[in-house]
Amino acid sequence: MSLTMSRGQAYIHRLNDDRNVWLDGERVSIPHHPAFQGTLQTIERLFNLADEPETRDTVAFWDEQTAGYVHRAFQLPLSPNDIQRRAGAFRLWADRTHGVMSRLSDYARSRLTGWYATRHDMAIYDPYYADKLAAYYQEAKRKDAFLTIVQRDPQINRSLPVGQDEDAMLRVVKTNAEGIFLRGAKMVATAAPYADDIVVYPVQRIPADRPELAHMVIVPVSSPGLHLVCRESFAAKTPDPSHPLSAHYDEMDAILFFDDVLVPWERVLIHNNPQALWQIRSNAASSSLAYHQSIIRLHAKLEFITAVTSAVANEIGVDSFLNVQEQLGEMISQMQTIEGLIIASEAQAKSDAHGNWLPSFQFIETARNLGSRYYPRAVEILKTIAAGGLIQIPSGNFDRNEPLRPLLDKYLGGTTMQALEKIRLFQLAWDITGSPLGARHDLYERFYAGDPTRNRANQYVQYDKETLKKKVEPWLNIHL
Ligand SMILES: Cc1cc2nc3c(=O)[nH]c(=O)nc-3n(C[C@H](O)[C@H](O)[C@H](O)COP(=O)(O)OP(=O)(O)OC[C@H]3O[C@@H](n4cnc5c(N)ncnc54)[C@H](O)[C@@H]3O)c2cc1C
């Protein structure tokens with residue numbers, strides 16, 4: 001990193017590479033295209049927190065291996081206090097972005113840290129994995145890598161068994177002394193256009209007779225042949241105060257096309273090995289550390305939407321009605337349930353065989369599975385309470401010379417707010433509930449961790465049901 005550049009500036013500077021990012025049918029430059037500016041400013045500010053005196057020790061830790069301050073998502077939790085320190089870093093980033101930016105790389109960095117912490121367990125499946133993973137973990141810390149993860153193949157025909165739709169699965173098409181060549185596509189890669197590197201592996205169980213589908217790789221975003229095709233941008237091309245969240249927190253989603261992308265051997269963590277891949281999918285350290293971040297972020301987001309809903313209810317004078325209070329109470333229960341589960345996961349943390357302290361995954365999983373219903377429900381409550389006010393926000397700017405200004409002042413004020421302030425509040429509420437960004441977040445919370453139906457079913461399938469059986473058994477042999 002240059003001495004004259006801040007950490008955030010150095011990150012933005014790195015994006016001036018050959019990446020193929022496509023937006024609105026054109027290849028675009030992330031550091032220069034207006035659609036990405038607001039989010040880049042947000043990321044830059046967050047990255048810089050690791051060097052600012054008031055926040056440095058919350059966000060970062062001194063790392064002997066790289067002789068520098070490194071984000072706490074990379075920190076191995078070697079004591080219960082380390083879990084709290086990691087949580088503090090996640091909370092600060094989440095609070096600064098109201099939980100709206102979810103893939104700022106603290107999730108992916110945590111997964112990487114979990115894999116690193118347990119890398120030697122993989123020796124029986126793959127003798128090279130541990131060294132490759134360790135080398136990348138050190139590199140990622142050293143360059144403060146912005147990482148994201150993508151697992152799913154495109155929705156072509158989900159009724160076919162895994163591996164039967166040739167075009168649907170990312171696969172190895174050639175191998176040489178340099179590495180492997182990948183062909184196919186992956187969805188949904190949140191934040192990929194902003195990333196340095198993407199971790200790619202399939203989420204499904206790969207059949208033993210289809211090893212060419214079983215790979216885990218780390219791909220630089222600038223790899224030749226890799227195309228990142230963005231959805232529409234939610235950020236306006238000029239500063240737009242009427243969509244405050246969209247302007248600063250659009251982390252972007254992309255589908256990735258791999259047009260015979262070369263991945264060098266040192267970044268091929270798993271190759272042609274369905275069994276090894278399944279171990280990665282089931283890795284407890286990685287899931288526990290990554291989803292610990294996710295539920296802390298979720299809590300910040302529920303707190304924010306509750307705050308906005310409460311302000312709206314107060315400003316239109318409906319918060320004294322029993323039905324409105326009941327719905328606001330429901331939002332507070334949601335928020336506090338997630339907070340309670342975070343506390344429980346930390347309080348019930350256990351040390352694994354390697355001395356890593358891991359938050360209890362059972363509470364994390366419950367919070368994650370509840371979250372896929374809680375957030376859409378919170379949006380529904382905000383819409384129910386704000387009602388027509390959400391759609392009657394006047395468009396445009398309202399400076400003092402605006403001819404309609406006296407009428408706006410007269411008719412758009414609230415119980416305590418002047419018109420301008422109340423319009424800003426409702427613009428915020430609309431950006432959460434009705435804007436394209438709002439719709440995307442409703443969808444994100446339902447699906448970011450995979451199919452919510454199968455996740456909840458899986459919680460039942462994995463649960464130790466013997467304890468439940470024992471509760472019922474004594475009642476089955478009673479002779480009346
Ligand atoms: C905004 C957003 C951002 C995301 N970001 C990321 C990211 O950065 N990285 C990442 O890895 N993932 C990400 N995801 C999650 C991921 O890509 C998928 O959305 C998620 O795994 C669900 O898969 P799918 O969308 O392909 O849905 P599908 O699997 O196609 O499911 C569609 C519907 O069919 C049902 N269905 C499909 N197959 C079955 C089956 N076998 N049995 C029963 N029901 C079935 C599902 O229940 C669902 O209702 C993101 C998702 C969203 C919405």
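Worth knowing before you read on, the calculation uses all heavy atoms, side chains too, and leaves out hydrogens, waters and symmetry mates. Whatever order the structure lists them in is the order used to number ligands and atoms, beginning at 1.
- The shortest contact between atom 25 (O) of ligand 1 and any protein heavy atom is with M187 CE, 3.8 Å.
- With distances taken over non-hydrogen atoms, the option nearest atom 12 (N) of ligand 1 out of V188, I255, D153 is V188.
- Closest to atom 23 (O) of ligand 1, if we only count protein heavy atoms, is R152 NE, 3.1 Å.
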In sequence, state the C-alpha distance, the side-chain angles, and the governing distance for K141 and E139, and then conclude on salt bridge (charged side-chain N to carboxylate O under 4.0 Å, His left out). CA-CA 5 Å; K141 283 194 295 182; E139 182 189 316; over 6 Å; no
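- Under the 6.0 Å distance and 45° angle rule, R297 counts as a cation-pi partner of Y448.
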Quick one: side chains of residues 198-205, donor-acceptor pairs under 3.5 Å with protein atoms, not counting sequence neighbours, listed by atom name and distance.
unit_1	atom_1	unit_2	atom_2	d
Y201	OH	Q151	NE2	2.8

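- Checked by distance only, ligand 1 and Y444 stay at 3.5 Å or farther apart across all their nitrogen or oxygen atoms.
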Side chain to side chain donor-acceptor pair (under 3.5 Å) for D250 and T39? Distances and angles first, verdict last. CA-CA 6 Å; D250 182 6; T39 300; 5.8 Å; no
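- Closest heavy-atom approach to atom 41 (N) of ligand 1 within the set R440, Q155, R454: this belongs to R454.
- Ligand 1 has a nitrogen or oxygen under 3.5 angstrom from a nitrogen or oxygen of R158.
- L112 and A140 make their closest contact through CD2-CB, 3.9 Å (heavy atoms, listed as atom of the first residue, atom of the second, distance).
- For atom 11 (O) of ligand 1, the choice among E251, Q151, R103 with the nearest heavy atom turns out to be Q151.
- When distances from atom 34 (O) of ligand 1 to the protein are checked, no heavy atom turns up under 4.0 Å.
- The protein heavy-atom contact nearest to atom 4 (C) of ligand 1 is T190 OG1, 3.4 Å.
- Taking each heavy atom of V461 and K465 in turn, the nearest pair found is O-NZ, 2.9 Å.
- Between D451 and ligand 1, at least one pair of N/O atoms sits closer than 3.5 Å.
- Here the protein heavy atom with the shortest distance to atom 21 (O) of ligand 1 is G450 CA, 3.3 Å.
- For the pair P154 and M187, the tightest heavy-atom approach, listed with the atom from each and the gap, is CA-SD, 3.7 Å.
- Looking at ligand 1, you'll find an N or O of I149 within less than 3.5 Å of one of its N or O atoms.
- Applying the salt bridge (Lys or Arg N to Asp or Glu O under 4.0 Å) rule to K132 yields no partners; only residues at least two apart in sequence or on another chain are considered.
- In terms of heavy-atom proximity, L15 sits nearest to Y194 at CD2-O, 3.7 Å.
- Nearest to atom 16 (C) of ligand 1 among the protein's heavy atoms is F447 O, 4.2 Å.
- Atoms of ligand 1 found under 4.0 Å from any heavy atom of D253 (numbered from 1 in listed order, with element): 3 (C).
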